Amino acid sequence: MFRDKLHRPAIIGATTIGLVISSFGGVALAESLFIRDRNISVLERERPGYEAEGLRTGQFIIKPKVDVGVGYSSNVFALSDVDAALGFDVFEDESDVYAFVRPSVRFESDWSRHAIAGGAYVEAVRFNEFDEESMVDWGAYLDGQIDITEFADFYGGLSYDRLNESRRSYNSAFLFDEPINYTQGEIYGGYRQEFGRVKIKGQLGAQTRDYDDAQVIPLVVVTPGLFFNADQDFRDRTAITALGEVAFAVTRDTAVYFEAQKNWQDFDGTDAVFRRERDSNGYRVTGGVDFDLTKLMRGRVGIGYFSQEFDDPTYDEISGVAIDAALEWFPSDLTTVTLTADRGVDNSAIISSAGYISSDVMIQLDHELRRNVILSGFAAFGRDEYDDPLLNGMGMPVMDVNGNPVSQEIDRFGVGLGADYYMNRTFSVGVDYTYETQDVARTVFDGGFDTNFDVHQVLITATFKR
């Protein structure tokens, strides 16, 4: 949530709400009862004279782009002030400036039937003072669609990324000497079809994650500068997910739907401390409404139930109310307000707990000041709830003042403002400011680092594209 990296979060409007339109624009049909294109958000709207047209090669369009910029972070390590008695003088000055460059390329087919698209990127970030925080991410992806009839198609895709875990990752228990590297691979495929007022969809996917080991600063420092190796194999996993959805169009603008997901999580090993298996399986069922009402609002709102059970009986089952909602409100043609909410289960990086319930809500406002000037702002709140009790370094439950086991709870809050100025088809500039804060109910281990933090960030970006 907020920013997984250094940049503005992916805008939630059209992509999350989905509009039930194929990701390959021109293939979807006007006769469909499930297209939600009556309203156009500020970020979706075409801007003649300010949009890159791409480079045409035969029946393909190639879109190269380069983002370059500079930024400032008031809290590079995302920590509270570390007690000087621990000997970490290196953290007395936590602020730093950085520069980044992100070249990328995307290609799209321009066929009357079927579609294929793909791309690749590299992102390099270099910090001025804390050079160990510098990082390089890269990845590539490919998506495709085969049209069977006007209202039926097979689709699929795959991707591979080499990434660095953010210092502001809320799902980490330790302070590492540098960000953790990991690889992520994903493949998926599915089939969807419309039968008049009914739409069906089925999808099967697999995802793998492989984390590099890391050097960890000890929780209790005896010798300043001493590090030890932390095996991250207990986080390596393969996840298989099956999804099915049925929707019924009540009117041209409104449909009700039911969605069911099943997942299987297979972890490569056990943690180095408690030696517990994390393999699990679970499900998530939601039902709701998908709509596009006049020129006022569109969205998708679903509510249901989720459950995740672990093979190791020492881990508690995680279950609760599932929420999946994304709404767009259009107070005027020049303003879009987006509200998103999600609640579900996720895997934990904390060795004393296999998973947690994650709840997130965000509201974002985008305003078109001029055709080539976009102003944005957001506010977001999130909470992570761990059902398993915290364990100290001896493997014993951490107790509160009343002698009851303590469970972890993390609250997050963030706000941000941004502006984008499009000078012509090939050049634009953006300025962003974000503030993030995290409040942890209890440190993961007694004597652990204080992972409550506040971070102010400023980012200036120049974008060149064709």
Side-chain angles (χ1 to χ4, degrees), residues 4 10 15-16 18 22-24 106 114-121 137-146 148 152-165 169 171 180-193 200-213 231-246 258-271 276-286 302 304 306-312 315 317-319 322 324 342 344-349 354-358:
D4 184 48
T15 54
T16 300
S22 165
S23 58
F24 305 100
R106 175 179 171 82
H114 314 306
I116 189 171
Y121 70 92
D137 292 343
W138 57 268
Y141 60 93
L142 182 68
D143 299 290
Q145 176 177 308
I146 299 176
I148 308 303
D153 63 78
F154 289 100
Y155 64 93
L158 53 88
S159 64
Y160 185 83
D161 299 272
R162 174 71 173 177
L163 304 171
N164 289 268
E165 199 167 39
S169 172
N171 191 23
I180 293 180
N181 297 316
Y182 67 96
T183 58
Q184 176 177 286
E186 183 174 7
I187 185 170
Y188 71 94
Y191 176 77
R192 54 197 168 197
Q193 184 170 355
I200 62 171
K201 174 183 176 181
Q203 180 175 308
L204 185 66
Q207 184 188 78
T208 64
R209 282 202 179 189
D210 188 352
Y211 292 83
D212 291 352
D213 293 343
D231 191 332
Q232 297 294 298
D233 288 347
F234 75 98
R235 302 174 66 186
D236 299 346
R237 61 186 180 269
T238 299
I240 307 295
T241 303
L243 178 149
E245 180 178 322
V246 178
F258 174 79
E259 181 182 274
Q261 298 181 39
K262 177 69 177 179
N263 73 83
W264 298 265
Q265 307 277 338
D266 181 21
F267 284 78
D268 292 351
T270 62
D271 65 86
R276 292 191 289 180
E277 297 281 351
R278 293 186 164 213
D279 295 350
S280 68
N281 68 89
Y283 65 88
R284 176 185 173 114
V285 292
T286 55
F306 65 83
S307 174
Q308 196 75 19
E309 294 185 348
F310 300 89
D311 292 354
D312 191 324
Y315 287 126
E317 175 191 0
I318 301 176
S319 60
D324 181 14
D342 181 79
V345 63
D346 203 352
N347 292 301
S348 170
Y356 62 96
I357 296 175
S358 176

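Along the sequence shown, residues carry numbers from 1. If you're wondering where the values come from, they're calculated on a predicted model, not measured in any experiment.
- Annotation for Phe306 and Gly344: closest pair CE2-CA, 3.8 Å, computed over non-hydrogen atoms.
- Annotation: the span from Phe267 atom CZ to Arg237 atom CZ amounts to 5.0 Å, rounded to 0.5 Å.
- Using a 4.5 Å heavy-atom threshold, the side chains of Thr183 and Thr208 count as separate.
- Remark: the Tyr182 side chain and the Gln184 side chain contain no N/O donor-acceptor pair separated by less than 3.5 Å.
- Contact check on Arg284 versus Asp342 returns a salt bridge, with a Lys/Arg side-chain nitrogen under 4.0 Å from an Asp/Glu carboxylate oxygen.
- Of the inter-residue distances, the one linking Phe258 atom CZ with Glu245 atom CD reads 10.0 Å to the nearest 0.5 angstrom.
- Looking at Glu317 and Ser307, their side chains do bring a donor and an acceptor atom within 3.5 Å of each other.
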**OP:** Would you please test Tyr155 and Gln203 for side chain to side chain donor-acceptor pair (under 3.5 Å) and show each step?
**Re:** CA-CA 9 Å; Tyr155 64 93; Gln203 180 175 308; 2.7 Å; yes

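- With rounding to the nearest 0.5 angstrom, the CG atom of Asp137 is 5.0 Å from the CG atom of Leu163.
- Side-chain contact annotation: Glu259 with Gln261, donor-acceptor N/O pair under 3.5 Å present.
- The minimum heavy-atom distance linking Gly282 with Lys262 is given by the pair O-CD, 3.1 Å.
- A distance of 9.0 Å separates OH of Tyr315 from CD of Glu277, quoted to the nearest 0.5 Å.
- Between the side chains of Tyr188 and Gln207, no donor-acceptor pair of N or O atoms lies under 3.5 Å.
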**OP:** Could you check Arg209 against Gln232 for side chain to side chain donor-acceptor pair (under 3.5 Å), going step by step and ending with a plain yes or no?
**Re:** CA-CA 11 Å; Arg209 282 202 179 189; Gln232 297 294 298; over 6 Å; no

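- The neighbour count for Ile146 CD1, taken as heavy atoms of other residues, nucleotides or ligands under 6.0 Å away, does not exceed 12.
- Tyr160 and Gly185 get closest at one heavy-atom pair: CD1-CA, 4.2 Å.
- In this structure, Ser319 and Ile357 approach most closely via the heavy-atom pair O-CD1, 3.8 Å.
- Summarising the geometry, atom CD1 belonging to Ile148 is positioned 7.5 Å from atom CG belonging to Asp153; distances are rounded to the nearest 0.5 Å.
- The distance from the CG atom of Asp312 to the CG atom of Asp279 is 9.5 Å, given to the nearest 0.5 Å.
- Taking 4.5 Å as the limit, every side-chain heavy atom of Tyr356 sits out of range of all side-chain heavy atoms of Ile318.
- Looking only at side-chain heavy atoms (C-beta outward), Asp161 and Tyr121 come within less than 4.5 Å of each other.
- Between Asp236 and Tyr211, the shortest heavy-atom distance links the atoms OD1-N, 2.7 Å.
- Taking the ring centre of Phe234 as origin, the terminal cationic atom of Arg278 falls outside the region bounded by 6.0 Å and 45° from the ring axis.
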**OP:** Kindly indicate, with the supporting measurements, whether the criterion side chain to side chain contact (heavy atoms under 4.5 Å, CB included) is fulfilled by Gln308 and Asn263.
**Re:** CA-CA 9 Å; Gln308 196 75 19; Asn263 73 83; 2.9 Å; yes

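- What you find for Gly355 and Phe310 is that their closest heavy atoms are N-CZ, 4.3 Å.
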